[in-house]
Protein chains: 2
Amino acid sequence: MTSSPSGRRAPRGSLSAAATRRVERPAPLRQAVYDALLELIVNRTLAPGQHLVEAELAEYLGVSRQPVREALQRLQTDGWVDLRPAQGAFVHTPTEEEADQLLAVRSVLETYSAKLAAEHATASDVKLLRKLQKAGEEALVSANVERLVKANADLHAAVATIGRNKVLSEMIGLVDRRVRWYYTPIARPRSRDSWNEHAELVAAIADGDAERAGQVMHDHAEQTRQTYHDRKTSESSTDSD
Amino acid sequence: MTSSPSGRRAPRGSLSAAATRRVERPAPLRQAVYDALLELIVNRTLAPGQHLVEAELAEYLGVSRQPVREALQRLQTDGWVDLRPAQGAFVHTPTEEEADQLLAVRSVLETYSAKLAAEHATASDVKLLRKLQKAGEEALVSANVERLVKANADLHAAVATIGRNKVLSEMIGLVDRRVRWYYTPIARPRSRDSWNEHAELVAAIADGDAERAGQVMHDHAEQTRQTYHDRKTSESSTDSD
DNA sequence: GAAGTGCTTTTTGCATACGAAAAGCTGTAT
DNA sequence: ATACAGCTTTTCGTATGCAAAAAGCACTTC
């Protein structure tokens, strides 16, 4: 589709090695803005419900309103901000109901993803999973929440990738990021159990046992969901920050 | 058109009846453009792979490039066009692989949706489903492909809505629309069986039998997927349009 | 003192303008 | 005749400008 050896591109001379690496694209500004804003939202610099004024963001980021607008629109379709017709963008405020719905969908998608992974995993795939598992265990020991969250995300992403279904991977990526956004503040308690379950999952995938992998992932996801609810319940009284 | 005799907006007095109906919003232009372009893509006026030039679309639709750009970006995140960094938008060309992946994801999501529907369905929900089922059967008799496709979409959308999971509903909406885009040209053959399966599904939901509803929906989706593959296989020789 | 009304300010939505990159074309040299 | 190089044209990406709508504020009135 893209590469025709003697085709229109490939200006002059024969380049071989550099062919694989896509020419350094000008880096679309809107993408950078999107990433920057997403980061600000995820790390709570921009609080839920906050009104985002295009001009302010533009000045803060040193760009014009245009790329900011475009980034905000994508942020909307991805569920990070709400774009009210003539009022602008507001950081999305997650409701308990929505969080639960996301966790439910995540459970379903991840379960299927685990099954696919078990069916497709090669030796090197398993090797990668074991490496990520190890990284997770180490992060667990270091008690570094941020590292732990990242390790968790990496493992799940790897499983999705191994499943060889790009559509599914992308969806899981979207859902997981939002779940993590809601969930990060309470990610600590369940870490030990969580990584034990991960180990089981990796084992099932290594065995190529799709049914078991699916079952383990399902239980894992439901555990996470349960933990979220427990937290929420005990939350009603504690009024931190 | 939006004229309210005593002022543009009810300030904070006591209005009761009109409170439910949101004041007619100015209808964001980008949304209209999005809908228009999506329509053009779905009905093949804009062919897969075609290069969409912003200026052309803008002139054709009688607007400036700005709303067109914004619409194109949303179309990208929804998977309808590919936005190449410095080259513009191209109507997405669905590959067989991607179609299958979408059908697989759809199967998983719809199965869960059916389970939820069975758990949540009220008497009036069932009534609605039966009405939609009837509409589908009638469309089947009329042999009107377009009507049939719409009836099918309506039923599935209704099931999703009854499941009371908005996140899931939206996802199903996105996936289904794309599946239908790929699938419409070959929607005919399986209609009869398809609606028999629908009837079974509605019955299971009416019984509140989540397990059975899920099973029926799963089989239904997999049948669709199978049909797609069969078509594709017999397609290699026939070279229509 | 409270409520309503009109005005001002702010902010979005859309349009236009300009610079830069990419693609295509033409001319020339081998 | 072919291939390369430079130029031209097209089209995107970003910035800026302008009008309309919404929110906020102060004033007036009861």
Side-chain angles (χ1 to χ4, degrees), chain A residues 2-15 22-37 46 49-76 81-91, chain B residues 1-15 22-37 49-76 81-91:
Chain A
T2 52
S3 59
S4 38
S6 62
R8 54 186 179 283
R9 192 79 69 80
R12 38 197 163 266
S14 58
L15 72 165
R22 282 277 171 275
V23 183
E24 186 100 6
R25 284 295 177 187
L29 201 45
R30 56 174 176 242
Q31 180 62 35
V33 173
Y34 176 92
D35 294 338
L37 290 180
L46 300 175
Q50 183 172 344
H51 185 196
L52 302 180
V53 178
E54 293 177 1
E56 286 179 14
L57 297 176
E59 193 186 16
Y60 175 69
L61 296 172
V63 298
S64 80
R65 275 178 55 208
Q66 174 84 2
V68 173
R69 272 182 74 80
E70 296 181 354
L72 286 175
Q73 312 229 351
R74 248 191 79 201
L75 285 169
Q76 178 188 38
V81 306
D82 299 317
L83 221 48
R84 308 237 281 276
Q87 295 175 249
F90 296 78
V91 179
Chain B
M1 183 168 278
T2 57
S3 60
S4 38
S6 62
R8 54 176 175 282
R9 190 167 43 93
R12 27 179 175 280
S14 61
L15 69 165
R22 283 273 171 276
V23 183
E24 185 103 5
R25 285 291 177 189
L29 199 44
R30 56 174 177 239
Q31 180 61 35
V33 173
Y34 176 92
D35 294 338
L37 290 180
Q50 182 172 344
H51 185 197
L52 303 180
V53 179
E54 295 177 1
E56 285 178 13
L57 297 175
E59 193 186 16
Y60 175 69
L61 296 172
V63 298
S64 80
R65 276 178 56 207
Q66 173 88 2
V68 172
R69 272 183 74 80
E70 296 179 355
L72 286 176
Q73 311 227 353
R74 249 191 79 201
L75 285 170
Q76 178 188 38
V81 307
D82 298 317
L83 221 47
R84 308 238 279 277
Q87 296 175 248
F90 297 78
V91 179

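Considering every non-hydrogen atom in both E70(A) and R69(B), the closest pair reads OE2-NE, 2.9 Å. In this structure, L83(B) and Q73(B) approach most closely via the heavy-atom pair CD2-CA, 4.2 Å.
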Set out, line by line, the N/O atom pairs under 3.5 Å between protein and nucleotides 14-16 of chain C.
from: dC14(C); atom 1: OP1; to: L29(B); atom 2: N; distance (Å): 2.5
from: dA15(C); atom 1: OP2; to: S64(B); atom 2: N; distance (Å): 2.8
from: dA15(C); atom 1: OP2; to: S64(B); atom 2: OG; distance (Å): 2.7
from: dA15(C); atom 1: O5'; to: S64(B); atom 2: OG; distance (Å): 3.4

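Atom OH of Y60(B) is separated from atom CG of L52(B) by 12.5 Å, given to the nearest 0.5 angstrom.
A search for side chain to side chain contact (heavy atoms under 4.5 Å, CB included) contacts involving Y34(B) returns Q31(B), L38(B), A71(B), R74(B), L75(B), D78(B), W80(B), R177(B), not counting sequence neighbours. Q76(B) meets the side-chain hydrogen bond (donor to acceptor under 3.5 Å, both in side chains) test with no other residue; sequence neighbours excluded. Under the rule for a side-chain hydrogen bond (donor to acceptor under 3.5 Å, both in side chains), R30(A) has no partner lying at least two apart in sequence or in another chain. Every side chain to side chain contact (heavy atoms under 4.5 Å, CB included) that V63(B) has, sequence neighbours left out, goes to L29(B), V33(B), L61(B), P67(B), V68(B).
The interatomic distance linking Q73(A) (CD) with dG13(C) (C1') rounds to 10 Å, in whole Å. Put simply, CD on Q31(A) is 11 Å from P on dT14(D), counting in whole angstrom units.
Using a 4.0 Å cutoff on non-hydrogen atoms, no part of residues 49-59 of chain B comes near DNA chain C.
With a 6.0 Å radius and a threshold of 12 heavy atoms from other residues, nucleotides or ligands, E59(B) has its CD atom at or below the threshold.
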